[in-house]
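Beneath this line is the structure, given in structure tokens, with notes to follow.
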Amino acid sequence: MIKISLPDGSVLEFDGAVSLKDVAERIGSGLANAALAGVVNGQLKDLGVVIENDAEVSIITPSQPEGLKLMRHSAAHIMAEAINNLYPGTKFAYGPALEDSFYYDVDCPEAISTDDLPKIEKEMKQIVKNNAKFERVEMTREEALKKYASDEYKLDNIERAKGDVISFYTQGNFEDLCMGPHVPNAKKIGAFKLLNVAGAYWHGDATKQQLTRIYGTCFANKEDLAAYLNQIEEAKKRDHRLIGKAMGLYEFHSESPGMAFWRNNGVILRNQLIGYIRELCDNNGYEEFFTPQIMSKELWVTSGHWANYADKMYTTDKDGREYGVKPMNCPGALILYKAGLYSHNDLPLRWAEFGHVHRYEGSGEIHGLVRVRGFTQDDAHVFCTPEQLRGEIKECIKFIFEVYTTLGMNFDHIELSTRPEKSIGSAEMWQQAETALENALKELEIDYVLNPGDGAFYGPKIDFHLKDAIGRSWQMGTIQVDFALPESFDLHYIDDKSERKRPVMIHRAVSGSLERFIGVLTEHYAGDFPLWLAPEQVRVLTVTDAANEYAEKVVKELKKYKIRAKLDKRNSKIGAKIRDGELAKVPYQLIIGAKEAENAQVSVRRRFKGDLGTMNVGELAELLLSEIESKELPPVADAKTDN
RNA sequence: GCUGCUGUAGCUCAGUAGGUAGAGCACUUCCUUGGUAAGGAAGAGGUCUCGAGUUCGAAUCUCGACAGCAGCUCCA
């Protein structure tokens, strides 16, 4: 007699050993039908696994995240089988499930392109139709190595696998090294679609050979799949490169790959953001600096940038002297610190700089505004005593949180990165710096993930990662503790005993890159910026030419309130003008016809809210200025409005 | 940087067994003066990314360059 405990607390009794499938059958035929796998005493297992002792069991179905993941993993195997059938001789490297998709890295004798995906999908459907069973085969490490002696990927994977027993899964005529578990048979994998083809390196190592990565996804049913595909389409519409161009914010041209060209609307947006951060700096004891764009090579040698990033720096020669275009602002700040004389009474010094830096990024790495070769950092360098360090870090974290909260941004995660292989400074300095960052995070009760070995060459850092509309995570703000550069530049301050001491430096940037920040914001808001950021806040529309004169007066009056307003007095119908204004994502449109002109009123239309009725310009200004002042987040678009 | 794909009007895209190009939107002009997401007509606009090659003839085929897209790698 064995006892099986279920998640709801009930206990089933069986005469002898039972399979997970038997357990599911006993609970109910519906569940047995939906079952994909099970969890036995906390371990995910195939449905066919036989339980011989008392155990805690739960059944996994497609309605659970684990179920979907498992299904996607099995779908990856079925895709591999299809590829194997269509392209004999293909070697299979690695095929996992992701958060909402799956892929398989293959080494195929023929080039596979997106055009081939329908063919592979068709073959997959055939495999599903034949309903191949997934079966687990176990063998010893030696047997496995022998069996796959001619497949370098399998050998590598076997060597990386833990334990003495190596498991394989077969379905149809395909077999793959795999820990499992899998769905019991091919018909269980639900609705799938292949999405994309791309290159990927073996083990993510750029020095290794490149494989073809084929992406697909799989959902419990057709409806869920359609919803997901629709979501991808919606996310694509938020692409900041398209919105930026359409709204006249910024665009890209081949004359300067990787650097944005900003139009007036984009410059307004930039200036609003800079103005906001500048004001916060003012209120938090920062002073603003501005240092040269181009500085001598010797400076970059001293700072260590030359040794670490010379190939990524833009350089120029004049008068027989070599110069580097700055890739970071910090050396400029270091020069100014060194040129002064500071005592402990002067510290901390919080020096802000909106510096424009250049870094030569690889041609395949640049991407819209989020990865560029020239960008503006809302940078600051804090010089403080070691005793002040932790407090200053906390101030920086709070500063960054304030900005993100105001903008209503979504966090992906916060990361603490420690000493990398290539670094300067002593082990003791690094220890001190890492501890300071860690303690600051802990004291503020902020969750973070550790990223060992990923710090800057001069110090460890906290990075703030935000999520964009398509779910990609982007590193934005950063706080870096630096004992090394004050040493390299031989900085000091005078302490209360008249002795020379070494200050610590914090590098911090809220947006990291203003360009990237604006790219992510564009996608975050889908172009519907909060009123205080919107380049064109109000558009005044005339119903007939007779209202033009009054409309011009309204625009002038709004400008007196510093409200950004434009006039549309084109000779077209009011419906067409409204449509154009909506497509341009203008938050407020004022409809002005004979009635309004006569009564000195404006008819107000708010995007996503519709007609707000009539009021006079003073009342309107009050409404708008309060929304601007409070930095209110914009109303959310309903599902129907997809422009 | 790597692999694959792509490059036709301001934008989105069609086209061609190789015979020097087309639509919609936008733009200009005219008619229309219309009240909360598209009024009508006419017109203008292209060295088909660039350079070489094959050919009687190349936007179309080949090679190269440049740029873009997807993913990988990298991101002080």
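Note: hydrogens, waters and symmetry copies are ignored here, and every other heavy atom, side chains too, is used. Note on naming: letters A, B, ... go to the chains in the order of the sequence lines (proteins, then strands), and numbering restarts at 1 for each one.
Figure legend. A38(B) is base-paired to no nucleotide; pairs are counted as Watson-Crick or G-U wobble with both atom distances under 3.5 Å.
Note on G364(A): a base of the nucleic acid sits closer than 4.0 angstrom, heavy atoms only. Residue N308(A) is classed as having no contact, given no heavy-atom separation below 4.0 Å to the nucleic acid. No contact: F457(A) has no heavy atom under 4.0 Å from any strand.
Taking for each of G362(A) and K312(A) the nucleotide of RNA chain B with the nearest heavy atom, the 5'-most of the two is the partner of G362(A). In terms of position on RNA chain B, the residue among R579(A) and M313(A) whose nearest nucleotide sits closer to the 5' end is R579(A).
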Letter by letter from the 5' end, nucleotides 62-67 of chain B scores (B base, S sugar-phosphate only, - none; protein heavy atoms under 4.0 Å) -----S
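Annotation: salt bridge (Lys or Arg N to Asp or Glu O under 4.0 Å) contacts of K577(A) (sequence neighbours excluded): none. Legend: residues meeting salt bridge (Lys or Arg N to Asp or Glu O under 4.0 Å) with R359(A), ordered by chain and number and at least two apart, are absent. For E322(A), the salt bridge (Lys or Arg N to Asp or Glu O under 4.0 Å) partners at least two apart in sequence or on another chain are K297(A). For S511(A), the side-chain contact (heavy atoms from CB on, under 4.5 Å) criterion is met by D378(A), L514(A), F517(A), not counting sequence neighbours. Not counting sequence neighbours, the partners of A551(A) by the side-chain contact (heavy atoms from CB on, under 4.5 Å) test are V540(A), T542(A), L567(A), I592(A). Partners of E487(A) under the salt bridge (Lys or Arg N to Asp or Glu O under 4.0 Å) rule, at least two apart in sequence or in another chain, are R502(A).
Less than 4.0 Å separates RNA chain B from no heavy atom of any residue of residues 90-103 of chain A.
Here salt bridge (charged side-chain N to carboxylate O under 4.0 Å, His left out) pairs that include residues 475-484 of chain A, with residues two or more places apart or in two chains, number zero.
The residues E549(A) and K569(A) are annotated as not salt-bridged, no charged nitrogen and carboxylate oxygen being separated by less than 4.0 angstrom.
In the set C11(B), U33(B), A76(B), A76(B) carries the atom at the smallest distance from any side-chain atom of Q475(A).
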Show me the protein contacts with nucleotides 3-9 of chain B, counting only N or O atoms at under 3.5 Å.
unit_1: U3(B); atom_1: O4'; unit_2: Q210(A); atom_2: OE1; d: 2.8

Close N or O pairs between protein and nucleotides 45-52 of chain B (under 3.5 Å):
none

Grab the N/O contacts between the protein and nucleotides 27-31 of chain B below 3.5 Å, and write none if there aren't any.
none

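The side chain of R213(A) places no N or O atom within less than 4.0 Å of a non-bridging phosphate oxygen (OP1 or OP2) of U73(B). Residue R605(A) places no side-chain N or O under 4.0 Å from the OP1 or OP2 atom of G35(B).
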